[in-house]
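Okay, so here's the structure we're looking at.
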Amino acid sequence: MIHLDDVRVRFAPSPTGYLHVGGARTALFNFLFARNKGGRFILRIEDTDLERSTREHERRLMDSLRWLKMEWDEGPDVGGDYGPYRQSERLDIYNDVVRKLMELGKAYEVYATPEEIEKLREDLIRSGNLPRYNRDMLTKFNTPDRIGRMRPAIFFEFEDKEYEFDDLIRGKITFRKGAIGDFVLMRSNGLPTYNFACVVDDHFMKITHVIRGDDHLSNTLRQLAIYEALGWNPPKFAHVSTILGSDGKKLSKRHNVSSIEGYRDRGYMPEAMINYLVLLGWSHPEGKEIMDLDEMIEKFSLDRISANPAMYDEGKLKWMNGYYIRNLDPRTITERAKKFIVKAGYLREEEFDEKFEWVVKVVESVRNGVNELSEIPSKIDFYFIPPKMVDLSDYGEDVLSSLRGFREELKKVMEWNEEGIRTAFKEYLKKAKVKRRDFYMALRLILTGRTEGPELLTVLEVLGKDEVLRRMSLL
RNA sequence: GCCCUCAUCGUCCAGCGGUCCAGGACAUCGGCCUUUCACGCCGGUGACCGGGGUUCGAAUCCCCGUGAGGGCGCCA
């Protein structure tokens, strides 16, 4: 049962590439708003750019959205009462509306090629005019030899006056008279333009709130004029600021940090991703920074979205990812690290599954120094591969002999667990006359081949008694 | 050129007329913890773009300037 005042929002990407962080944040704000209000979150595919739209992109877009845990209630794959949800499948609807607009005298055919319009535009600019079209200059192209022989573009007759609306984030926006001229509704290839399709779809899909990037702020003028011409009530608008790259320019593919898939592949936690993204422009009422989806949903509101453009700070994202890596359940982290470990060749997939409980310990022992899962293999390699050459020349014979003695002590440890190993250390070090620092470091070197790593006790425990003794046998 | 928007620490945010010599987070610097690297903890440095108003009182409201972003496509 759908009530008239139920909130309905949509995320409407064009399937011309992967989901980038800007799009993901827009989707997130829509999603959170819908869930907070108990409304519906709709996915609409804006594939009217035939050149660049592909099903493959569409699929990847959906994968990314789902990976971030944003499930939609209506969309091309799940259906819904207001479909189809792909613009390329809604052509009849656009044509109907265009016909209506033409009957109202608010749209007209233009038999000109895109090149001719382009030239018209250049001429206007060259002669010192603003590039604004009107019916008179456009219908000159409608010569008898063209009518019926070529497919016309349909232009909208823009009623030149002041338009205004109340933006939920920015307040009252006023577009002064004289800002634009007539513009295209339907291209000569039979497909609608963005501004037209957007209005038609939002109307018929009963969208109540349009939350989108502020690169669409100026477009709102055109859309408002179309709503008015049709006698339709426009939805409420909320324009979110652009995300900027570290150079202060709009974040784009050129910044090559923007793909959600890329982050997933490098071992980012979706929890960290949305947590970072939600903070880019929105703030928790109590100033909390770390929060899960449920909390975001509970606390989300449009009036806490900031109007200023936000610079994308990958460093903070990385920190936050590290935070989640060391605070999420170790088994979850291990499961997610699987592909990286298998790919590095330390374990085959079946081995990983068989030794899962052990691998959890391996991963847990290194995770607090990790910010991306992809860093894990290089940190855990010593568990699988014994150090090739160990240079102990910095340590004297006293250290080496005490290590040999310790090796014999370890052989006697029956319970190979933290407690047992700790006791062995304590007992042995009580009487051994070595600098502990040297003793520990030399042992670490023998066992791992490195000077840094997890706590030594953990290394011993996880490596296992046999392997520890084997590595120490080199002494 | 025209139109729209934005403007608090290096970065993201808080602040919605007095409680602000401006608060939090990341980064940075110092210290502590520690057998290493990290993690963690404690502390420091660090900002209201400029100028006019309004007001008893402005980071907060208004105007101008400046800077930045976006739009002006038969892209979205």
Side-chain angles (χ1 to χ4, degrees), chain A residues 12-16 46-49 51-53 87 110 112-115 117-118 121 125 128-132 151-155 167 169-170 173-176 178-181 183-195 197-198 212-222 239 241-242 244 246 248-250 276 279-290 303-304 306-320 322-323 326 366-371 379 425 429 435-445 448 450-457 459:
Chain A
S14 63
T16 53
E46 309 219 327
D47 56 350
T48 56
D49 182 348
E51 245 70 308
R52 303 188 296 147
S53 299
Q87 292 188 326
V110 174
T113 62
E115 293 72 31
I117 302 286
E118 178 63 29
R121 175 195 158 77
I125 294 172
N129 292 297
L130 262 12
R132 295 190 190 140
R151 197 159 178 185
I154 313 293
F155 271 71
D167 190 278
I169 294 172
R170 285 148 215 274
I173 308 281
T174 308
F175 296 102
R176 276 183 289 189
I180 59 169
F183 55 90
V184 177
L185 254 24
M186 291 294 268
R187 302 186 270 231
S188 48
N189 65 3
L191 290 170
T193 57
Y194 165 74
N195 286 116
C198 181
R212 66 197 344 177
D214 76 347
D215 45 334
H216 291 297
L217 197 50
S218 305
N219 285 324
T220 311
L221 168 59
R222 290 177 181 71
H239 288 94
S241 282
T242 328
L244 273 22
S246 47
K249 300 279 182 225
K250 186 180 172 184
Y276 175 70
L279 256 22
L280 226 48
W282 179 80
S283 60
H284 187 284
E286 283 112 56
K288 270 178 87 168
E289 302 235 348
I290 300 290
D303 58 15
R304 292 197 65 84
S306 148
N308 23 340
M311 221 178 254
Y312 187 66
D313 179 5
E314 208 181 21
K316 184 159 181 177
L317 201 213
K318 197 165 178 171
W319 165 80
M320 193 166 276
Y323 179 89
R326 70 189 89 92
V366 299
R367 72 164 166 171
N368 65 10
V370 167
N371 283 324
K379 301 226 182 231
F425 265 108
L429 253 15
K435 269 174 76 183
R436 303 202 164 194
R437 197 184 177 85
D438 290 344
F439 177 83
Y440 282 120
M441 192 46 86
L443 180 55
R444 172 178 297 281
L445 236 22
T448 72
R450 314 174 178 204
T451 54
E452 91 293 340
E455 208 181 314
L456 203 45
L457 235 153
V459 172

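In what follows, chains carry the letters A, B, and so on, assigned in the order in which the sequence lines appear, proteins first and then strands, with residues in each chain numbered from 1. Every value quoted in this text rests on a predicted model; they were computed, and no experiment measured them.
- Taken from NE2 in A:His216 to CZ in A:Arg222, the straight-line distance is 12.5 Å, to the nearest 0.5 Å.
- OP1 or OP2 of B:C4 lies within a sub-4.0 Å distance of a side-chain N or O belonging to A:Arg176.
- For B:C72 and B:C56, the C1' atoms lie 48 Å apart once the distance is rounded to whole Å.
- In this structure, CH2 of A:Trp282 is placed 13 Å from P of B:C13, rounded to the nearest angstrom.
- A:Ala310 comes within 4.0 angstrom of sugar-phosphate atoms only, judged by non-hydrogen atoms across all strands, and of no base.
- The side chain of A:Asn195 contributes no N or O atom lying less than 4.0 Å from OP1 or OP2 of B:C74.
- The shortest side-chain heavy-atom distance between A:Phe175 and A:Ile180 does not fall under the 4.5 Å cut-off.
- B:G40 and B:A22 have their C1' atoms separated by 29 Å, with the value rounded to a whole Å.
- Under the 3.5 Å distance criterion, with hydrogens and angles disregarded, no donor-acceptor pair is assigned to the side chains of A:Arg151 and A:Ser188.
- The side chain of A:Arg170 lies closest to B:U5, out of B:U5, B:C3, B:C2.
- Spacing of P atoms, B:A47 relative to B:C9, comes out at 9 Å, to the nearest Å.
- Contact of the A:His239 side chain with the A:Ser218 side chain is not registered, since no non-hydrogen atoms from C-beta on lie closer than 4.5 Å.
- Note on A:Ser283: only backbone sugar-phosphate atoms sit closer than 4.0 angstrom, heavy atoms only; bases stay farther off.
- No donor-acceptor contact under 3.5 Å links the side chain of A:Thr193 to the base of B:C74.
- Between B:C41 and B:G24, the distance separating the two P atoms is 15 Å to the nearest Å.
- Across all strands shown, A:Thr220 has no heavy atoms under 4.0 Å from either base or sugar-phosphate atoms.
- Heavy atoms of A:Arg212 sit nowhere under 4.0 angstrom from any nucleic acid atom.
- On the C1' atoms, B:G15 is 27 Å away from B:C4, given to the nearest whole Å.
- Between A:Trp319 and A:Tyr323, the two ring planes are tilted [angle within 30° to 60°].
- Whole-Å rounding puts the A:Arg367 CZ to B:C39 P distance at 14 Å.
- The gap from the P atom of B:U54 to that of B:C63 amounts to 15 Å, rounded to the nearest Å.
- With rounding to whole Å, A:Met311 atom CE is found 18 Å from B:C6 atom P.
- Atom OG1 of residue A:Thr220 and atom CD1 of residue A:Ile173 lie 8.5 Å apart, to the nearest 0.5 angstrom.
- To the nearest whole angstrom, the two C1' atoms, one in B:C13 and one in B:C6, are 15 Å apart.
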Taking only N/O atoms, report every protein-nucleotides 65-70 of chain B pair under 3.5 Å with atom names and distance.
{"from": "B:G69", "atom 1": "OP1", "to": "A:Lys249", "atom 2": "NZ", "distance (Å)": "2.5"}
{"from": "B:G70", "atom 1": "N2", "to": "A:Ser218", "atom 2": "OG", "distance (Å)": "3.2"}

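- Between A:Thr16 and A:Glu51 the shortest side-chain heavy-atom distance does not fall below 4.5 Å.
- Distance A:Leu221 CG to B:G73 P: 13 Å, rounded to the nearest Å.
- Rounded to the nearest 0.5 Å, atoms CG (A:Asn195) and CG (A:Leu185) are 9.0 Å apart.
- With rounding to the nearest 0.5 angstrom, the CZ atom of A:Arg444 is 12.5 Å from the CZ atom of A:Phe439.
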Nucleotide N/O to protein N/O under 3.5 Å, stretch nucleotides 43-47 of chain B:
none

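- No engagement by A:Ala197 is indicated, since no non-hydrogen atom pair under 4.0 Å with the nucleic acid exists.
- The OH-C1' distance, from A:Tyr323 to B:G40, rounds to 11 Å in whole Å.
- Using a 4.0 Å heavy-atom distance criterion, A:Asn219 is classed as a base contact.
- A:Gly281 comes within 4.0 angstrom of sugar-phosphate atoms only, judged by non-hydrogen atoms across all strands, and of no base.
- Counting non-hydrogen atoms under 4.0 angstrom, A:Ile173 reaches the backbone sugars and phosphates but no base.
- Between A:Glu46 and A:Leu279, the residue whose closest nucleotide on RNA chain B is further toward the 5' end is A:Leu279.
- The line from CD1 of A:Ile169 to CG of A:Asn308 is 11.0 Å long, rounded to the nearest 0.5 Å.
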_Step-by-step side-chain contact (heavy atoms from CB on, under 4.5 Å) determination, A:Arg212 to A:Cys198_ = CA-CA 12 Å; A:Arg212 66 197 344 177; A:Cys198 181; 3.7 Å; yes
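- A distance of 7.0 Å separates CD1 of A:Ile154 from CE of A:Met186, quoted to the nearest 0.5 Å.
- Distance from the side chain of A:Ser306 is smallest for B:C13 among the nucleotides B:C74, B:C13, B:U11.
- Counting only N and O atoms by type, the side chains of A:Asp214 and A:Thr242 include a donor and acceptor under 3.5 Å apart.
- Counting non-hydrogen atoms under 4.0 angstrom, A:Arg222 reaches the backbone sugars and phosphates but no base.
- Between A:Met441 and A:Leu456, the closest side-chain pair of non-hydrogen atoms is not below 4.5 Å.
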*Which letter, B, S or -, goes with each nucleotide of nucleotides 22-37 of chain B from 5' to 3', with contact meaning a protein heavy atom under 4.0 Å?*
--BBSS-------BBB
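- The phosphate of B:G73 has OP1 or OP2 within less than 4.0 Å of a side-chain N or O from A:Arg121.
- A distance of about 7 Å separates the C1' atoms of B:G23 and B:A14, rounded to the whole Å.
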